[in-house]
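Each chain gets a letter, A, B and so on, in the order the sequences are listed, and its residues count up from 1.
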There are 2 protein chains.
Amino acid sequence: MTGQVRTVDGRVAGRRGQATRQKLLDCLSEMLSSSPYRDVKVIDVARKAGTSPATFYQYFPDVEGAVLEIAEQMAAEGAGLTDVLAERSWVGKAGWQAAQELVDGFLEFWRKNDAILRVVDLGAAEGDKRFYKIRMKILNSVTNSLTDTVKDLQDKGKVDKDVNAAAMAGSLVAMLASVASHQKGFSTWGVKQAELKPNLALLVHLGITGKKPTK
Amino acid sequence: MTGQVRTVDGRVAGRRGQATRQKLLDCLSEMLSSSPYRDVKVIDVARKAGTSPATFYQYFPDVEGAVLEIAEQMAAEGAGLTDVLAERSWVGKAGWQAAQELVDGFLEFWRKNDAILRVVDLGAAEGDKRFYKIRMKILNSVTNSLTDTVKDLQDKGKVDKDVNAAAMAGSLVAMLASVASHQKGFSTWGVKQAELKPNLALLVHLGITGKKPTK
DNA sequence: CGGTAAGCTGACGGCATGACAGGACAAGTG
DNA sequence: CACTTGTCCTGTCATGCCGTCAGCTTACCG
């Protein structure tokens, strides 16, 4: 299904090739964490990986292409977000707990992968299809799960019918993502992480169930 | 207050100088709307402005510097967001209206300035102080106003005391900003703008007042 | 051991960067 | 009108990154 890993000029990559390819990706990842996206140069990545720029171009069309690759890996292995939500009840105290754990898991996931995520976010915001597809892929597990939850509650008559489940879920997820990327901004602003989380959880709970949580 | 406009090498810019400087900024703005941030080159901006790269470097240290300048202008002139909220009541039907108008105004503002805003967002997410200061400046009017509203409702006993007003306001604003940048993402996802807005307004209302709106 | 494909790199033309010195230009002065 | 002054712009240049190619080295296989 995944197909073989191929070089730009069509050869199939063998063991050694895949290793250098991966090393390049790792180094790129590191670079993205330590310097602004705009200043990440192919030559630096190559140097850091102990190889030459030409090698980089053998495996990736450009920096963007490599970033997409990293994001793809993250989306694949990083089920990360999936299990945060599996089959949870949103009624009563369990609901409050679900909201809290969702927030926790989400922020943690974002913190771990912030460098790539903000590049993906930029690409998506710029309207690049490849980027917003992968962004969706990453957020899908959470968004879909939340959407289903809302629909479910609507069927049971616990949530107003005029709520658009997908829009609500998407908005909440967007909020979490945005807050996660700008945590530093919040703290200079005088809001500590510890204070932030319960408020986010509260908003999530309000959004999903329409009611204040019972704690 | 603003001080004189100065060139990089310290001279004060006269009438003609300010004009070309502004032209460069305008062209940069356009460029940012039409091509990815990473690919915006000084030479292109200069060409578009009918001048040379050397001229660009006379007025700005680099592309980042110029972007900050544009953002600063936007923050200054673009009170834009301020009047969306002036002295509004959040009780009863008025509250629902306030929420709707806030969402409307916010999305509109973002749509108008999306190109610069997403670059500012990136800079802020990357931890650049200059960028997140200006981001705060832009969002401050709304955030502060919302914060005050929440505090006010808390004083009147209408909102739980354990809500952190600033965290709540900040989170809601972050949500609006994020959704605004990714509207295209939402639409490929099957959620139309018209459906999005009321849901955002609902969330804002829930967050601020803790209650469902009376429509 | 020879053939084949994978893997890597030196080298190169092309282009962007960023600095400088000097020319063009407007405005004020005697 | 010539002269001065200070602003404004650009030609040019050294430097460095980009992206490609030909060609060399290495690994694998019969």
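Residue A/Arg6 is out of contact with every strand shown, counting any heavy-atom pair closer than 4.0 Å. Contacts of B/Phe60 with the nucleic acid, taken as non-hydrogen atoms under 4.0 Å apart, are absent. Residue A/Arg11 is classed as a base contact, given a heavy-atom separation below 4.0 Å to a base. In this structure, B/Phe56 reaches neither bases nor backbone, as no heavy-atom distance under 4.0 Å exists between it and the strands shown. Residue B/Thr7 is out of contact with every strand shown, counting any heavy-atom pair closer than 4.0 Å.
Of the charged side-chain nitrogens involved, at least one lies within less than 4.0 Å of a carboxylate oxygen, so that A/Asp44 and A/Arg47 count as a salt-bridged pair. Of the charged side-chain nitrogens involved, none lies within less than 4.0 Å of a carboxylate oxygen, so that B/Arg38 and A/Glu64 do not count as a salt-bridged pair.
Between the side chain of A/Thr209 and the main chain of A/Leu206, no donor-acceptor pair closer than 3.5 Å is present. Side-chain N or O atoms of A/Gln58 include none that pairs as donor or acceptor with a backbone N or O of A/Gly17 at under 3.5 Å. Looking at B/Ser178, its side chain never comes within 3.5 Å of a backbone N or O of B/Ala174 through a donor-acceptor pair. Within the 3.5 Å criterion, the main-chain N or O of A/Gln183 finds no donor-acceptor partner in the side chain of A/Gln193. Looking at A/Thr7, its side chain does come within 3.5 Å of a backbone N or O of A/Arg11 through a donor-acceptor pair. Checked by atom type and distance alone, the side chain of B/Asn199 pairs as donor or acceptor with a backbone atom of A/Asn164 at under 3.5 Å.
Of the residues in residues 22-52 of chain B, those with a non-hydrogen atom less than 4.0 angstrom from any atom of DNA chain C are B/Lys41, B/Val42, B/Ile43.
Nucleotides of DNA chain C with any atom under 4.0 Å from a heavy atom of chain B span, from 5' to 3', C/dA16 to C/dC20. In summary, contact between chain A and DNA chain D, defined as any nucleotide atom under 4.0 Å from a heavy atom of the protein, begins and ends at D/dC17 to D/dC21 in the 5' to 3' direction.
A pairwise comparison of heavy atoms in B/Ala180 and B/Leu107 identifies CB-CD2, 3.7 Å as the closest pair. Of all heavy-atom pairs between A/Met175 and B/Ser171, the closest is CG-O, 3.7 Å.
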Fill in: side chain to side chain contact (heavy atoms under 4.5 Å, CB included) assessment of A/Val5 paired with A/Tyr59
CA-CA 9 Å; A/Val5 180; A/Tyr59 294 106; 5.7 Å; no
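Comparing A/Asp62 and B/Thr55 by the nucleotide of DNA chain D whose heavy atom lies nearest to each, the residue mapping closer to the 5' end is B/Thr55.
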